[in-house]
Amino acid sequence: DPLKSSVNLNELNASQREAVTSTEGPLLVIAGAGSGKTRTLVYRVAYLLEQGIDPERILLLTFTRKASQEMLWRAGQLLNETCRRVVGGTFHGIANMLLRRHGHHLGFGSSFTIIDRADAEGIVNLLKGSLGLTGRDKQFPTKRVLINILSGSVNKSIPIDDLVYESYSHLSEHVDDILNLEKYYKEFKFNNGLMDYDDLLVNWKRLLDEIPEARQEMAARYSHIMVDEYQDTNLIQADIVRLLAHGHENVMVVGDDSQSIYSFRGADFYNIMRFPKVFKETKIIKLEENYRSTQPILSLTNDIMTNAVEKYAKTLFTRIEGKFKPRLFAGRDEREEAAFVSKKIAELRGQGIALNNIAVLFRSGFHSYKLEMELNSTSVDFEKRGGMKLTESAHMKDVIAFLRLRVNPFDTLSWNRILLHLDKVGPKTARKIADTIATSGSPGQALSEYPCGKNWRHGVESLAQLFMEMERETTPGVLYELVWAYYQPLFEKIYRDDFPKRQKDLDQLKSIVAGYADVQTFVDDTTLDPPETGKGLSKEDKERMILSTIHSSKGLEWDVVFVMGLADGRFPHSAAEVGEQWEEERRLLYVAATRARKYLYLTYPRELMTPDRQFRRVGMSPFLAELRAGLFERIDSDGVERNAPSFLTSTSTASSAITFTKKAKKTKLSVKDLSKGVRVHHPFFGEGVVNNKPQGRSVDVIFQRHGVKT
Ligand code: ATP
Ligand code: MG
């Protein structure tokens, strides 16, 4: 098969081909949605390998880990499996990997723990208390606002005091306390071996900037760097790219300024405009043909951006004709809006459209609650993205805390979680115990020797027992069993009312843990790439519809897309100020609408509940109201469509830009049936291919969306 041995460049247009074959020097691809930016990156990876570049020397940076896994999988289909050895991931994921290796230059051990936002807020709260900032002054900002300030300062590269004066002027009087708090926050993290998300980037940049030895090693390590979704990088990330490419400048970034939707988190789409200034020799390639959407959809999405304040110099055309104009439906209220979407989905299915060709998008996670309720009374299976993370709830954090301590016993945050569950142990005692453990070599030993009071000795002893057993064990699945044996009675006591429901999450966690070969990687993933809730185990292999926040739909595509909640006051968000925030909301709508291949439905409720629980009549989003006439057709309030399209012509089955249609046959396999190349299916990780001969009872599997698991 010639496709297996050589990358077929005829599957690209001339500009895409140029981007793929320009392998040396800085390259910027700037182009609108659906023009094949991601596809071009995939082909370029395969092409570079075919040219003899070592896969370990190619670095592919993407916005989510799943995206890079899928891209490398796809590249593997174009060429061969060497593609899977390419280093791919998010900035945070790669930072994590490199810091474990080089972090000692900055004083970090290799077993630091990554903390999520809730952990960060927990620490800030603790410090607020010990610095006496809570009782004294009720006006002192909440932990949420404090983390917004600290994190905002890092991501926007603005000093804390400037940020407070500029964007939080009502907190100006607290600047000194906030600065002081930040000092202690940093110290706490350092002493406990903790890094938050921002630290990963900051410390990676510091390694490149301040440690010549580390810089040299990293620059020599990667000969080709590629970045997707460059419009959503922040200044630190742009600096990292600059420093990494130092010496060879073989760096390609692709992006679309009109799809920048993360500036609220410090992303700066001017990074795209600055790129040619940073890299003087930059070749700029524009892609203008859209391969995703029909002409009527493209006409509407182009028009959304016509009204943008900032004019983006891009024109897109498509050769996909299509007669179906985008439809607009206004429900009496949210319930009716949801009922319409649900009914329409049933109709589409009746016409032969598979559920995985349909997606419903919305601005915020809670906007789909009514629809979820509707769908639960139908046979429609769905997966929700961008909602709660599986690891966010208290019982999950409890269990993970034990495993975190197995790799980093200095993490007093986790000790606190565990110790406070013991009878008669309060914050003060917990702190003392944690401090003792931190200076000992073995937590189990330290716990067993701790001078306890009579009425709480028993609790500490059984915990000591658990940690002694855990210290002798390294297999994540076994560690989980040990933790569970200890935690189960506690769990059933703490969550007396609803533990059976919570148990389901833990069952899922158990099956996830079992897929890991080492605890550190599992623990990292729970914060870097946490699985989402609402992804029921038994459902994975069924055809499912996607419900997603717009932010989580980036880069993907479906035949049919519904965008809900397009009411004035909801889209743009009622708090969005005219100016930058308003424009970001416009781009958000652009991202949503450009996900559709064939059919686009826009819906909104005519009535919204205000925060004070009043009902208010609202019109359609101003972004729709200002579109040129004739770009969409209204559906009457009875929900009946005149000139309804026939969907039976639909042939595509892919549910994302890079999905595979081949499906593994589902038969139960035993270990002896497994050998390299056998396709398998895992209830959580989905489709995969066996990568080696089983070693005893363990085998490596490469999963399409999750990478290698043992
Ligand atoms: P987004 O900005 O939304 O991330 P993108 O620019 O990354 O979009 P892709 O997802 O790479 O676009 O491509 C959109 C669709 O068009 C995909 O289904 C892709 O396979 C298809 N496509 C792109 N280029 C070509 C081409 N030259 N020939 C055929 N199909 C193409
Ligand atoms: Mg893309």
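When a ligand or atom number is given, it counts from 1 through the structure's own listing order. Please read all numbers here as calculations on a predicted model, not as lab measurements. The residues of the chain are indexed from 1 along the displayed sequence.
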Output the list of atoms in ligand 1 that are nearer than 4.0 Å to some heavy atom of [X], sorted by atom number.
X: G555; answer: 4 (O)
X: E11; answer: 26 (C), 27 (N), 28 (N)
X: N13; answer: 27 (N)
X: Q259; answer: 1 (P), 2 (O), 3 (O)
X: R595; answer: 3 (O)
X: G32; answer: 6 (O)

(request) Would you check whether S35 has a nitrogen or oxygen atom less than 3.5 angstrom from a nitrogen or oxygen atom of ligand 1? (result) yes
(request) Indicate yes or no: does an N/O atom of A33 lie under 3.5 Å from an N/O atom of ligand 1? (result) no
(request) Please say whether the positively charged group of R84, taken as NZ for Lys or CZ for Arg, lies over the ring of W73, i.e. under 6.0 angstrom from the six-membered ring centre and within 45 degrees of the axis. (result) yes
(request) Specify side chain, backbone, both or neither for Q16, according to which of its non-hydrogen atoms lie closer than 4.0 Å to ligand 1. (result) side chain
(request) Measure L12 to ligand 1 on non-hydrogen atoms and call it side chain, backbone, both or neither using the 4.0 Å cut-off. (result) backbone
(request) Specify whether Y601 and F562 have parallel, tilted or perpendicular ring planes, treating 30° as the upper limit for parallel and 60° as the lower limit for perpendicular. (result) parallel
(request) On the 0 to 90° scale, with breaks at 30° and 60°, tag the F329-F340 ring pair as parallel, tilted or perpendicular. (result) parallel
(message) Can you confirm whether or not the ring centre of Y599 sits under 6.0 Å from the ring centre of W558?
(response) no
(message) Test ring pair (Phe, Tyr, Trp, His ring centres under 6.0 Å) on F63 and Y262; report intermediate values, then the result.
(response) CA-CA 11 Å; F63 202 74; Y262 278 93; 4.8 Å; yes
(message) Just so I know, are the side chains of L316 and S35 near enough to count as touching, which here means a heavy-atom distance under 4.5 Å?
(response) yes
(message) Less than 3.5 Å apart, any donor N or O on the side chain of T318 or Q295 sitting next to an acceptor on the other?
(response) no
